Protein chains: 2
Amino acid sequence: MSYSIKEIADMMGVTTATLRYYDKEGLLPNVKRVNGIRVFEDKDFKWLRVLNCLKNTNMPIKEIKRYVELSKEGDKTLQERYDLILKQEKRILEDIRQFNHYLKEIEFKKTYYREAIRAGSEEAVKDWPSSYPSLDLDKIPSSKKGK
Amino acid sequence: MSYSIKEIADMMGVTTATLRYYDKEGLLPNVKRVNGIRVFEDKDFKWLRVLNCLKNTNMPIKEIKRYVELSKEGDKTLQERYDLILKQEKRILEDIRQFNHYLKEIEFKKTYYREAIRAGSEEAVKDWPSSYPSLDLDKIPSSKKGK
DNA sequence: ATAAAAGTTAAAGTTAACTTTAAGTCAAGC
DNA sequence: GCTTGACTTAAAGTTAACTTTAACTTTTAT
């Protein structure tokens, strides 16, 4: 099967301009052309799914480009590509770890606001967060007097 | 306790320039000044920890600023602040969900490369990923002939 | 055969989140 | 009292990742 740039763009949820930008940056290796017009094939689509994975887990475009270049150089770069993938795995694991931590803080704030809304004021739940020492959060003075 | 901008910067792992930028953008409400010089207090430090949480979970600075402004307006904005926090919780949950998904793809690639390295070539593991249908990844032609 | 839709490029513009620079003010040690 | 180092501001510069524009070509539909 082969696809136009617009079809691929729709499948990936990006614009054609973005795909052309990726191509220019060397992120789309060996895309076929007919009369100068890009013709995407299944292998391109498969690669785009990997690209999407790397992009959405915050691998910088420069690093993705490096990965593409290594792939083009064949088997002698297998180890280096493996290392890049390992590095990316670490990034993702660390991000998940951090997000889970911050999620707890946010959930605490959720409870805090629910209580405050129930009570009608923040003042009423002022010294309530004491049960969660690291998080008696943002009691900003609210500029009660003086600006 | 009170702290200089440098002390706070070190505690937060950012530069003083970044803190001044945040202040200029209205992200640091009511920071005390002595002779024009910022003096951070414990309440500021506590807020900075929340700011850090929101920032590191990709809340845009504009939205954080909105949150700060709502906080200054007092109890009548409790519901709106709660809604912002809820929205942020959803963002985090969705990000964790996605990251876990992509983590699986990356782990698959890790295994793929380990096998290829063991075998000495990608060709040797060419039709191996069939066990993982959505992921028989990036077999880029490697420009074997013709560029 | 022609008009509209979809493709192309190079280059300039945008946005977010900082960072750097320049020019100056304030506090501490000698 | 003067130099050194930390503080200040406003404004310009940077970087990543696109997006938009302008001018042009190719494909598709009538």
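Here the structure is a predicted model, which means the values were calculated and not measured. So that the names make sense, note that chain A is the first sequence line, chain B the second, and so on, each numbered from 1.
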Would you say A:Arg38 places a side-chain N or O within less than 4.0 Å of OP1 or OP2 belonging to C:dT9?
yes
Take the protein atom CD1 of A:Ile5 and the nucleotide atom P of D:dT26, then report the distance between them rounded to whole Å.
17 Å
Check ion pair B:Glu94-B:Arg97 (N to O, under 4.0 angstrom):
yes
Does a side-chain N-to-carboxylate-O contact under 4.0 Å join B:Asp10 and B:Lys6?
yes
With the criterion being N/O to N/O and under 3.5 Å, what pairs connect the protein with nucleotides 26-29 of chain C, and how long is each?
from   : atom 1 : to      : atom 2 : distance (Å)
C:dA27 : OP1    : B:Asn35 : ND2    : 2.9

Which residues in residues 7-17 of chain A have at least one heavy atom lying under 4.0 Å from any atom of DNA chain C?
none
Under the side chain to side chain contact (heavy atoms under 4.5 Å, CB included) rule, collect the residues that match up with B:Arg20, sequence neighbours excluded.
B:Ile5, B:Thr16, B:Arg38
Any A:Arg20 side-chain N or O less than 4.0 Å from OP1/OP2 of D:dT21
no
Pair B:Asp44-B:Tyr3, side-chain donor/acceptor within less than 3.5 Å:
no
Could you walk me through whether A:Tyr67 and A:Arg81 pass side chain to side chain donor-acceptor pair (under 3.5 Å), step by step?
CA-CA 6 Å; A:Tyr67 181 74; A:Arg81 278 183 276 163; 5.6 Å; no
List, with names and distances, any nitrogen or oxygen atoms from the protein found under 3.5 Å away from nitrogen or oxygen atoms belonging to nucleotides 11-17 of chain D.
from   : atom 1 : to      : atom 2 : distance (Å)
D:dA17 : OP2    : A:Ile61 : N      : 3.4

Roughly how many Å is it from NZ in B:Lys6 to P in D:dC7, rounded to a whole number?
8 Å
Tell me, please, which residues at least two apart from A:Glu80 pass salt bridge (Lys or Arg N to Asp or Glu O under 4.0 Å).
A:Arg66
Checking A:Lys24 against A:Tyr21: charged group under 6.0 Å from the ring centre and within 45 degrees of the axis?
no
May I have the step-by-step check of side chain to side chain contact (heavy atoms under 4.5 Å, CB included) for B:Glu122 and A:Asp75, ending in yes or no?
CA-CA 7 Å; B:Glu122 279 188 272; A:Asp75 289 337; 3.7 Å; yes
State, without any angle test, whether A:Tyr22 and A:Lys55 hold a side-chain donor-acceptor pair at a distance under 3.5 Å.
yes
What residues form a salt bridge (Lys or Arg N to Asp or Glu O under 4.0 Å) with B:Glu41, not counting sequence neighbours?
B:Lys32
